[in-house]
Structure formats: C-alpha cells, structure tokens
Amino acid sequence: MNHVLPMMNSTGATYRLMRGEARHARFPAAVDTVFASALMMRYVSALLTNPINHRKEMPVSTPITELKPALIWKHFHGLTQQPRPSKKEEKVIAYLKALVTELGYSYSMDACGNMLVRKPATPGFENAPTVLIQGHVDMVCEKNKGTEHDFDNDPIQTIIDGDWVRARGTTLGADNGIGVAAALAVLEAKDLAHPPMEFLFTIDEETGLTGAKGLKAGFVNADIMLNLDSEEDGALYVGCSGGMDSAGVLALTFENAPAGYSALEITVSGLKGGHSGLDIHTGRGNAIRFLVRALSAFAKDTDVRLASISGGSKRNAIPREAECVVYVPAAAAPAIIEKSTTLTALFLNEIGSVEPTLLLAARATEGSGKVIAAEQVRTLIDVLHALPHGVLKMSADIPGLVETSTNLATVTMDGNTLTIGTSQRSSVESEKFDAVDHVTAVLRLAGLNVVLGDGYPGWKPNMQSLALKVTRDSYKQLYGVDPEIKAIHAGLECGLIGEVYPKMDMISFGPTIMGAHSPDECLQISTVDKFWNLVVRVLENTAKNAAA
C-alpha cells in the first residue's frame with residue numbers, strides 16, 4: 001500500500017514515499033509557500049485515502065552481517081568495504097585475490113583484468129556439466145548532493161530499513177555486489193552438492209562492458225552459465241537488449257557577458273533517476289529536459305545568455321540532476337527566481353505522481369563573466385529539445401517488454417567543448433541501429449559532430465535451454481509456483497559472453513533490487529534468502545540430474 005510519512009529535520013521537511021522500498025527526498029527550508037502548500041495537500045490526500053497508522057519508521061543500524069543466510073551477507077558486507085568504481089577495480093580485485101587464496105583456491109587473470117576461479121565437483125558429480133557463476137565487480141558510483149563520500153577510498157555505509165538494505169546517501173552496489181557475494185558464498189561453502197564449478201568476475205560492466213568485451217575463447221570451459229546480475233525475485237531472464245552510445249560534440253565560442261547583466265544558477269534536483277534500461281518505461285523525469293524547458297520559458301520573458309550547462313553523470317542512468325549558469329538583465333533576475341517556483345508547480349502538475357520531489361530553483365551566483373555565443377545557445381536549446389528520450393517501441397512478442405528505447409543521458413562542458421551523451425537500446429539489432437540513426441540525424445541537423453560507441457550485442461532467448469529448464473524446475477520445487485520467464489531491457493554481459501562462447505547455455509536471475517544506479521538503490525532482504533536457496537538448488541539439480 002502506498003502511503004506518505006512526513007518527518008522533520010533542521011533542513012526542512014523530508015517526505016518519504018513508501019512502496020515497499022525506501023524513497024527519501026529533502027526540500028530546502030526556503031521552498032516557496034505555494035509549493036509547500038501543494039505538497040502538504042498531497043500528504044493530506046494520502047492520509048485520507050490510506051487510513052493506516054502513520055508512525056515513524058526510522059532505519060535500524062543492525063549490521064548486515066547479522067542477516068541470514070550468513071554466508072552470502074558476510075561476503076556482500078566484505079564487498080561494500082572495498083572501493084570498486086568502474087575502471088578502478090584494482091582494490092576489489094586485490095581483495096578477491098587475497099580471499100580466494102585464503103579459501104585455498106587458485107585464480108587466473110586474463111589480459112583484460114577478468115578473474116577466474118575453479119572449484120572441483122562434489123565427489124560423485126565430476127562428470128556433470130561444468131557450471132560457471134558470473135558477475136561483475138564494479139558498481140555505479142552516485143551520491144546525493146550534500147553527501148560526503150569518496151568512492152575511490154571510502155566504504156559504503158549500509159543501513160537496514162525494514163525488509164530493505166540501502167546505503168547512506170550513495171548507491172549501494174548491490175548491482176552486482178550481491179551476485180558476486182553469492183559466487184563467493186558457493187566458493188566457500190563446504191556442504192553443497194554441486195558439479196565442477198567456475199567463477200568469473202568481470203570488470204567495468206557499468207561503463208562499457210569492458211571485461212565481457214575483452215573475454216577471449218579458451219579462458220573459461222563451462223557448459224552452463226548462471227549470470228547473477230538480474231534484479232527481480234521470481235523472474236528468470238533468458239534474453240537482453242543490445243546497446244550503443246551516441247554523442248554530439250559542439251565547439252563553443254565565448255564572449256563577454258553584456259553590461260548590466262547578473263548571473264543566476266538554475267538547478268533541477270529531486271528526481272529519482274534510475275537505470276536507463278530497467279526504468280525507462282516508468283515515466284521518471286529527465287533533469288536535462290526540465291532544465292531546457294525552463295531555459296526556453298525564461299527566454300520568452302527576457303534575454304537569457306547561457307554561460308555553462310551540465311546534467312546527468314552516467315550514460316546508463318536517467319539524469320536526475322542538471323544545472324546551468326545564465327546571465328540575465330539585472331532588473332529581470334527577481335522575476336526569473338520567482339518564475340522558477342511557478343515552473344516547479346507546473347512540472348509537478350505534469351509528473352508529480354511519479355516525481356513528487358522535483359525542484360527547479362534559481363539563485364544569484366558569481367559568474368565567470370563569459371557567455372556562450374547567442375546563436376550557439378539557440379542551437380543547443382533546440383537540439384536538446386528535439387532529441388528523443390524514453391520508450392520508442394514495446395515488444396509485440398513478450399508482453400510488457402520494452403523493445404527499443406533511447407536515453408538523453410548527459411550534457412558536459414570541458415573548456416570550449418560541449419558534449420551531449422545519449423544511449424540507445426533494443427533487443428532487435430536492426431531497431432537498435434535505427435534508433436542510433438534517429439538520434440544522430442537530430443545531432444547532425446543541429447551541426448554537431450557525432451561520435452558513436454562500439455556498442456554491444458543482445459542475447460537471443462532460447463526457450464529450449466537446459467539451464468532454463470533446471471532453474472525453472474528448481475524454483476517450482478522450492479516455492480510451489482512457476483517463475484516468470486522474461487527478457488530484460490538492459491545490457492547483460494550474457495550477450496557478449498555468448499558471442500565468444502556460442503555453445504554455452506545461459507540463464508540470469510537475482511534478488512529484488514530497486515533504484516539501481518541511483519542513491520535510492522536498495523536490496524530486499526527476504527528475496528536474498530530465496531535467491532541463495534535457488535542458486536544452491538540449481539547447482540544440486542544440475543549435478544544430480546547428470547548423475548542419474
């Protein structure tokens with residue numbers, strides 16, 4: 001049941017949206033009265049429609065190492081203590097090397113930096129198919145504004161909140177830390193019945209699938225792969241989308257800000273963000289698009305000269321924050337600040353049910369005294385307005401599956417160079433390239449130079465898969481119901497690994513993770529137990545079925 005719980009602190013009101021998972025957002029104390037009143041009306045409405053006991057539910061500080069099953073939570077905690085940003089996996093790999101050695105196993109490293117460990121079969125099951133458990137060691141590093149955290153050095157601070165584990169103001173790293181933790185738990189466990197095992201820990205999945213792309217034939221020898229990088233309890237994934245990045249680059253020309261103009265900082269904040277594949281169909285707001293709409297609205301009333309702009313931070317995340325610095329006639333500055341409150345209310349009217357904490361704000365700031373040439377600003381605003389964002393096509397074969405989408409992901413400035421980053425996904429290769437052509441056509445029409453990434457392939461479903469049969473049967477044995485069979489609108493490493501090992505049978509599953517790639521990320525405790533039991537049963541059934 002959805003309900004809203006208000007809590008007060010020194011910075012203002014914190015409104016908490018509960019949908020099983022924790023959602024937090026803060027509003028500054030200086031929020032306009034009209035805006036605050038509108039929020040209070042939403043809260044009162046929630047009280048009237050949800051007549052339940054509205055008590056405060058504060059996070060509990062119990063260590064996650066006290067959770068059950070103890071072995072998997074021990075290893076997940078260990079991973080949270082290791083800095084592991086994408087492309088900076090040296091510390092977590094060193095940790096894994098030491099751990100594997102301590103457990104009495106050897107490891108191999110490939111030229112790309114992927115790590116492989118082997119474990120012999122339980123006696124009697126040596127002739128069963130070799131099963132590979134695969135996960136990636138890196139994590140998306142996102143934090144809320146105001147959160148002090150150095151992802152290169154600091155451990156993740158975990159919090160137990162009811163049935164959920166989350167982090168204090170940062171991404172949790174359950175994607176894919178919980179999958180790696182399960183692999184380590186299997187490696188350590190002495191009481192499991194299992195076939196010959198391999199464990200593949202790949203690097204840099206989140207910012208380019210670098211580890212999977214660099215994998216070479218002959219490094220692994222498994223017959224079946226369990227990819228533990230899915231995020232929904234009760235679902236088995238048998239396919240994924242391919243993807244490609246498309247960027248537009250514009251060389252900027254600067255000039256002096258006009259005399260008598262004042263600098264303002266315009267910010268969009270409070271959005272949920274999320275995974276650009278898994279969450280693209282949810283209708284979540286794109287901070288870059290709201291910022292561009294605000295700039296267009298301001299420009300209708302007065303001359304607006306853009307000095308800088310930035311938004312988003314990751315190619316595979318829906319941008320949840322964006323900001324810019326503009327120069328406007330000094331006399332017009334108060335009206336711009338006031339209009340930002342009006343626009344916040346307007347945007348909330350459009351998207352408040354999905355993004356109740358969206359906030360557009362304007363404040364005076366110190367500018368550099370330089371602005372982008374006016375004709376380039378018009379081009380920039382037009383192209384950002386014209387670029388598509390969101391679902392382009394739903395699958396006609398799998399109900400509810402997004403087939404093709406595009407994400408307006410980032411806007412960055414580096415000196416005199418501005419770059420617009422986008423990403424396209426599709427489970428149909430021809431549609432992926434069509435989406436790329438759509439985006440690049442808009443960029444080229446605006447006069448931007450287009451830069452394309454290498455892209456990665458999808459994973460075509462095989463409904464006759466042995467891995468699917470064993471995993472589906474195992475789930476039903478454990479829980480008495482059939483799991484859902486799905487494809488995912490995201491780039492699992494299965495597609496790339498399948499290119500190198502086309503005969504390898506693959507399945508992907510995992511516990512429930514919400515808000516991946518954002519500081520809202522949380523891991524459902526009760527599903528971790530189910531996930532672990534399923535991993536154990538799949539290994540047991542694979543071994544025993546072969547021996548029968």
Side-chain angles (χ1 to χ4, degrees), residues 63-122 130-139 141 151-158 165 167 171-192 194-206 210-212 215 219-222 225-229 493 510-511 523 528-529 531-532 535-536 539:
I64 63 173
T65 49
E66 296 183 16
L67 296 171
K68 305 294 182 182
L71 197 54
I72 190 172
W73 284 109
K74 179 187 83 169
H75 287 297
F76 181 68
H77 171 73
L79 289 166
T80 66
Q81 304 308 292
Q82 313 307 315
R84 48 195 179 98
S86 301
K87 291 185 168 63
K88 296 181 179 180
E89 297 93 345
E90 296 85 0
K91 291 179 180 179
V92 69
I93 290 292
Y95 167 78
L96 291 175
K97 288 178 177 179
L99 177 60
V100 166
T101 302
E102 181 182 341
L103 292 175
Y105 298 98
S106 60
Y107 58 83
S108 302
M109 305 295 298
D110 70 4
C112 191
N114 299 312
M115 182 176 179
L116 183 72
V117 184
R118 291 187 171 93
K119 181 179 183 179
T122 303
T130 300
V131 173
L132 170 72
I133 292 182
Q134 184 267 326
H136 64 85
V137 299
D138 62 314
M139 65 175 281
C141 297
F151 283 104
D152 290 344
N153 297 292
D154 296 342
I156 300 297
Q157 299 180 46
T158 56
V165 172
T171 37
L172 175 63
D175 173 14
N176 181 224
I178 195 63
V180 174
L184 295 173
V186 171
L187 186 64
E188 180 176 351
K190 305 298 184 184
D191 57 349
L192 303 184
H194 61 79
M197 297 292 304
E198 293 184 333
F199 304 85
L200 176 63
F201 304 114
T202 51
I203 62 164
D204 192 28
E205 188 266 358
E206 300 290 4
T210 304
L215 198 63
F219 187 59
V220 303
N221 296 294
M225 185 177 86
L226 308 182
N227 169 276
L228 304 183
D229 193 20
E493 291 165 294
L523 171 63
V528 172
D529 183 50
F531 165 60
W532 172 246
V535 171
V536 171
L539 296 179

**Report entry** salt bridge (Lys or Arg N to Asp or Glu O under 4.0 Å) partners of Lys74, counting only residues at least two apart
**Finding:** Glu188

**Report entry** Residues in salt bridge (Lys or Arg N to Asp or Glu O under 4.0 Å) contact with Lys87, at least two apart in sequence or another chain
**Finding:**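 Partners of Lys87 by the salt bridge (Lys or Arg N to Asp or Glu O under 4.0 Å) criterion, ordered by chain and then number, come out as Asp204.
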
Taking the side chain from [X] and the backbone from [Y], do they hold a donor-acceptor pair closer than 3.5 Å?
X: Asp138; Y: Glu206; result: yes
X: Asn114; Y: Ile203; result: yes
X: Thr122; Y: His194; result: yes
X: Gln82; Y: Pro155; result: no
X: Trp73; Y: Ile64; result: no
X: Asp529; Y: Lys68; result: no

Query - Ionic contact status for Glu89 with Arg84, cut-off 4.0 Å - result: no

Report task. Go through Met115 and Leu96 one step at a time and tell me if the side chain to side chain contact (heavy atoms under 4.5 Å, CB included) criterion holds. Result -> CA-CA 9 Å; Met115 182 176 179; Leu96 291 175; 3.8 Å; yes

Query raised in the report: Is there a side-chain contact between Asp110 and Leu116 (heavy atoms, below 4.5 Å)?
Result: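 Asp110 vs Leu116: side chains apart.
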
Requested in this report: Please round to the nearest 0.5 Å and tell me the distance separating atom CD1 of Ile93 and atom CZ of Phe201.
Outcome: 8.5 Å

**Report entry** Smallest separation among heavy atoms of Cys141 and Thr171, with atom names
**Finding:**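 Answer, listing the atom of Cys141 first, then Thr171: CA-OG1, 3.7 Å.
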
Requested in this report: Hey, could you give me each pair passing side-chain hydrogen bond (donor to acceptor under 3.5 Å, both in side chains) that has a residue in residues 90-106? Not counting sequence neighbours.
Outcome: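 Pairs touching residues 90-106 that pass the test: Lys91-Asn153.
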
